[in-house]
2 protein chains.
Amino acid sequence: MTVDERRAWEIVLAHIENDLLLGRLKPGDRLPGERVLATDLGVGRSSVREAIRVLEVLGLVRTNVGSGPTAGAIIVALPGGGMSALMRLQVAAQGFPVADIVKTRLVLETAVAAELAEAVLSAALLRPDRQHPDRQDPDLGRCAQLLDAMDAPGLTEDEFLALDAAFHLSLAEACGNQVVIATMAGLRTAIEGYVRAGVGRLASWPDTSARLRAEHRGILAAIEAADPAGAHGLVHAHISGYYAETRLAPEQNRTHNG
Amino acid sequence: MTVDERRAWEIVLAHIENDLLLGRLKPGDRLPGERVLATDLGVGRSSVREAIRVLEVLGLVRTNVGSGPTAGAIIVALPGGGMSALMRLQVAAQGFPVADIVKTRLVLETAVAAELAEAVLSAALLRPDRQHPDRQDPDLGRCAQLLDAMDAPGLTEDEFLALDAAFHLSLAEACGNQVVIATMAGLRTAIEGYVRAGVGRLASWPDTSARLRAEHRGILAAIEAADPAGAHGLVHAHISGYYAETRLAPEQNRTHNG
DNA sequence: GCCGACTATGTGGTCTGACCACACAGCCTA
DNA sequence: TAGGCTGTGTGGTCAGACCACATAGTCGGC
């Protein structure tokens with residue numbers, strides 16, 4: 001007769017997490033109905049709802065009303081939205097300084113670019129013999145596609161920024177690391193408002209936009225040229241330069257406790 | 001007469017986020033009571049509770065029952081818990097492959113070590129003139145303290161792993177980047193179960209533990225010796241070596257789509 | 001026989017009201 | 001004055017009800 005000191009919604013959350021770990025629930029599966037879950041676990045429906053709400057915000061489930069096979073809470077495991085919400089709110093609550101967001105993005109994206117270039121290099125070296133089927137060129141098609149879209153005349157600032165965000169995210173996606181993809185998406189979302197505000201502090205938007213596009217081309221070229229160090233440096237200059245220009249991050253030189 | 005298509009709990013969440021962004025709510029402040037918030041926003045108390053539950057899991061508020069100044073929902077902005085929950089559940093739901101968690105940790109922690117070493121270097125170079133008061137030695141005291149604790153005889157495996165996790169986290173804390181701190185905590189939490197299981201696959205725990213301790217000392221020494229490249233390499237070898245040994249991450253060589 | 005409209009059913013979304021345990025603040029008694 | 005006692009407000013929980021919605025099945029007209 002030990003009492004469960006956890007709150008009711010924590011019981012529900014732990015139960016679902018356990019089902020996930022045991023493989024009883026997989027992406028695409030449907031959760032039992034809220035009323036069923038409530039009676040099964042001996043808690044109220046509102047407690048079940050609180051747990052499902054958490055899962056929804058964290059990007060684990062998607063809820064649909066109505067009837068049929070698509071209704072109910074479905075496991076999706078899309079971490080991007082959850083990471084974005086987490087970081088956005090933490091920035092709002094002053095738990096994440098904007099400067100730390102920028103610096104983390106710098107670290108991750110330079111690493112991504114370098115890794116992509118190394119992947120290109122490996123693929124080129126090993127192409128003659130087909131003994132390494134897992135070594136293949138990363139898919140940079142979408143990256144180039146987005147760069148082409150950014151060259152379209154008459155783009156508004158917001159459209160350009162959206163394409164810019166998509167390009168940077170597409171680099172992470174080409175790399176294939178789900179954690180980095182979600183984190184990069186979250187980092188970008190968290191400072192999206194600040195990025196927009198920063199555009200207003202630019203001396204000349206056309207000049208900056210042209211420079212950004214040229215830098216993007218350079219980054220992609222360095223990756224395709226299998227130049228890890230070059231790609232790393234270009235991404236570093238691209239990101240830190242832009243944030244310095246918009247005065248988003250106070251001092252880019254400070255590498256510690258900044 | 002425009003209808004608000006958002007769900008009720010999203011209205012509450014957006015309202016609180018807006019208050020945070022406008023500075024009407026800061027860390028340490030108390031949220032209005034659930035009943036007050038419900039009537040003010042024209043929603044039911046259960047919807048308010050769902051929103052607060054989300055904020056709690058994301059690490060933005062801490063709730064306390066009872067009366068007095070410590071009761072109610074208080075803004076705390078502690079992202080570690082939220083990041084841990086997010087990553088742990090995403091691993092459980094197969095949204096985050098364990099290999100990606102490990103690789104991301106590798107990228108972040110090598111960058112942290114290199115940055116710490118650079119900070120030591122900068123502090124040493126600029127120590128003669130006091131013109132750069134923001135350039136100071138990172139606080140590595142806690143790191144060394146944890147290493148000493150890991151040398152204590154008779155430590156159980158779990159105790160050792162806990163100290164190991166604390167040491168790696170203390171490096172990030174010395175670096176001061178809140179985003180990296182929270183992310184590292186989350187990454188570690190997400191694979192904690194796998195790390196424990198991996199210990200059982202080791203040939204000899206005493207040997208491995210001794211090697212890990214030595215590697216820790218080496219990393220800290222490289223940082224204190226202001227050797228960024230050395231610190232980077234030692235951390236890389238330390239992490240990838242351990243995960244390879246425990247067969248946690250299948251192939252450390254694969255740098256792309258692995 | 002075929003196709004449309006209609007209805008039954010089950011889902012999440014929401015609100016309301018009620019009760020509990022808890023913690024503090026103030027009172028009240030010894 | 002010191003101790004316990006009670007009032008009050010907090011979050012935590014549950015139960016019940018209703019809604020909008022989407023599907024699946026039925027029934028009707030053609």
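Each chain gets a letter, A, B and so on, in the order the sequences are listed, and its residues count up from 1.
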Q: Quick one: sort the B:Phe160 and B:Trp205 rings into parallel, tilted or perpendicular, breaks at 30° and 60°.
A: perpendicular
**Q.** Nucleotide C:dT11, atom P - distance to CG of A:Leu37 in whole Å
**A.** 12 Å
Q) What is the nucleic acid contact for A:Ala8, judged by heavy atoms within less than 4.0 Å: base, sugar-phosphate only, or nothing? A) sugar-phosphate
Q) Between C:dT14, D:dT10, D:dG12, which one does the side chain of B:Arg49 approach most closely? A) D:dG12
Q | Atom pair distance, as rounded to whole Å: CD1 in B:Ile52 and C1' in D:dG12 | A | 12 Å
Q. In whole angstroms, how far is the C1' atom of C:dG13 from the CD1 atom of B:Ile11?
A. 12 Å
Q.
Keeping B:Glu10 on the side-chain end and B:Arg7 on the backbone end, is there a donor-acceptor pair under 3.5 Å?
A. yes
Q.
Measure CD/B:Glu56 against C1'/D:dT13 and give the value in whole Å, please.
A. 14 Å
Q: Compare the minimum distances between each of D:dC14, D:dT13, C:dC24 and the side chain of A:Val43, then state the nucleotide with the smallest one.
A: D:dC14
Q: Ignoring hydrogens and angles, tell me if any N or O in the side chain of B:Gln90 forms a donor-acceptor pair with the backbone of A:Leu58 under 3.5 Å.
A: yes
(Q) Categorize B:Gly66 for me: base, sugar-phosphate, or nothing, with a 4.0 angstrom heavy-atom threshold over every strand shown. (A) base
Q.
Output the rounded distance in Å from CD (A:Glu5) to C1' (C:dC22).
A. 14 Å
**Q.** Nearest-Å distance for atom pair CD/C1', residues A:Glu10 and D:dT13
**A.** 13 Å
**Q.** Given C:dA25, D:dT23, D:dG12, the nucleotide with the shortest approach to the side chain of B:Pro69
**A.** C:dA25
(Q) Using a heavy-atom cut-off of 4.0 Å across all strands, would you classify B:Arg53 as base, sugar-phosphate, or nothing? (A) sugar-phosphate
Q | Salt-bridge criterion met for A:Arg53 and A:Glu50 (N-O under 4.0 Å) | A | no
Q.
Return whichever of A:Ser67 or B:Ser67 has its heavy-atom-nearest nucleotide of DNA chain D closer to the 5' end.
A. B:Ser67
Q: Please determine, by modelled atom types, if B:His216 and B:Asp164 share a side-chain donor-acceptor pair under 3.5 angstrom.
A: yes
Q: May I ask you to decide if A:Glu159's main-chain N or O and A:Thr156's side chain share a donor-acceptor pair within less than 3.5 Å?
A: yes
(Q) Between P on C:dC15 and CH2 on B:Trp9, what's the gap in Å once rounded to a whole number? (A) 14 Å
Q) Reckon B:Arg30 has a side-chain N or O less than 4.0 Å from the OP1 or OP2 of D:dT10? A) no
Q | Toward the 5' end of DNA chain C, by each residue's nearest nucleotide, B:Gly68 or A:Asn64 | A | A:Asn64
Q | Which nucleotide in C:dC19, C:dC24, D:dT13 has an atom nearest any side-chain atom of B:Thr70 | A | C:dC24
Q: May I ask you to evaluate whether B:Ser47 reaches the phosphate of C:dC15, defined as a side-chain N or O under 4.0 Å from OP1 or OP2?
A: yes
Q: Check whether the side chain of A:Arg35 and the base of C:dG12 form a donor-acceptor pair under 3.5 Å.
A: yes
(Q) Could you tell me how far apart A:Glu34 (CD) and D:dA17 (P) are, to the nearest whole angstrom? (A) 18 Å
Q) So, does the side chain of A:Arg45 form a donor-acceptor pair with the base of C:dT14 at under 3.5 Å? A) yes
